[in-house]
Engineer: 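Structure incoming, see below.
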Amino acid sequence: MGPEDLKKVLHLLPPGELREEILVGLDTPDDAAVYRLDAERALVHTLDFFTPIVDDPYWFGRIAAANAMSDIYAMGGTPISAMNIVCFPCSLGMELLADILRGGLDAVREAGAVILGGHTVDDEEPKYGLAVTGMVHPERILTSRGARAGDALVLTKPLGTGVLSTALKAEFLSEEEIEAAVKGMAALNREASLAAGVAGARACTDVTGFGLLGHLAEMLSEEGPACEISAASIPLYPRTREMAGMGMIPAGAHRNRDFLQGRVEFAPGVDDVDRDILFDPQTSGGLLIALPPEGLEAMGDGLKEGKEWFRIGEFVAASRPLIRVTP
Ligand code: CO
Ligand code: CO
Ligand code: CO
């Protein structure tokens, strides 16, 4: 569902309950909720599931599970257990479903968590994901709010998964040609989250359906900070620019752009392709981290060999519009 529709339906409901144990609830834009058990421990709850974005059932399962656990990592937490959410047409055969579940299981094992059970629904279109429970120390919760002017903006995975999966569906690209993106989507945000914690991150969120600019907007407010990003510094999966240039833009990118109307300003040198990519909805995207300048080095040290992070912008004092994109 797009951000506009989601906002409408939430307005029709009573406000979230207030309880002192609810550390992060319905009143923030974060995708996971945090419930305090005691002074040392809080539970982090989230769930996510979606329709296949790649043809290979194993990799679909792995990506869906990595994506579902990502919101735990974005809160600075560690996944401890998960339940499978499965919608599946029995006519497709149980071997295919087993492959999806095996992919999910491998991702959950890699996270050091366990699958405890699940629920299946007979449905025409397959869907898979997880409900995940994680743990976090109540004083080490990272939310999307808390960035300050002067902090660096760091992104931990390239962009382009919406464009590339659109190109895959349209058969402009094969699954082999988007291998880097498939592996990237299946990668956990675990190291990035741990490194962000060690480096003293002030705010964190993950980049998913609302695109880079949509999720960045969640870290900003009219009272400040605002943010400046440089289009040239944004890492992209291979073939993303080429496919976006050919018009492989998912509908969600247009919804994201409409929703952010008036809140993003593009400097004249930023071309149309870059603009589209910045609104591209991502699946299992990287973390967006607000890091005080003195934390930049520790962030680099904290990430394992082979994992990358990219400094893509700077938080600045309150300004209008909220986000300025330079070439
Ligand atoms: Co999220
Ligand atoms: Co979701
Ligand atoms: Co049941």
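Read the numbers this way: they start at 1 and go in the same order the structure lists the ligands and their atoms.
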Engineer: Does a side-chain heavy-atom distance below 4.5 Å link Met185 with Asn67?
Structural biologist: no
Engineer: Using a cut-off of 2.8 Å, find all protein N, O or S atoms closer to the Co ion (ligand 1) than that distance.
Structural biologist: Asp31 OD2, Asp71 OD1, Asp206 OD1
Engineer: Determine, step by step, whether Lys157 and Val207 satisfy the side chain to side chain contact (heavy atoms under 4.5 Å, CB included) criterion, reporting the C-alpha distance in whole Å, the side-chain angles of both residues, the deciding distance to 0.1 Å, and the verdict.
Structural biologist: CA-CA 9 Å; Lys157 283 185 192 180; Val207 183; over 6 Å; no
Engineer: Only pairs at least two apart or in different chains count here, so list each ring pair (Phe, Tyr, Trp, His ring centres under 6.0 Å) that has a residue in residues 215-242.
Structural biologist: Phe210-His215
Engineer: Any salt bridge (charged side-chain N to carboxylate O under 4.0 Å, His left out) pairs touching residues 50-62, not counting sequence neighbours?
Structural biologist: Arg62-Glu110
Engineer: Determine whether a donor-acceptor pair (N or O, by modelled atom type, separation under 3.5 Å) exists between the side chain of Gln282 and the backbone of Gly160.
Structural biologist: yes
Engineer: According to the ring pair (Phe, Tyr, Trp, His ring centres under 6.0 Å) rule, which pairs have a member within residues 54-91, sequence neighbours left out?
Structural biologist: none
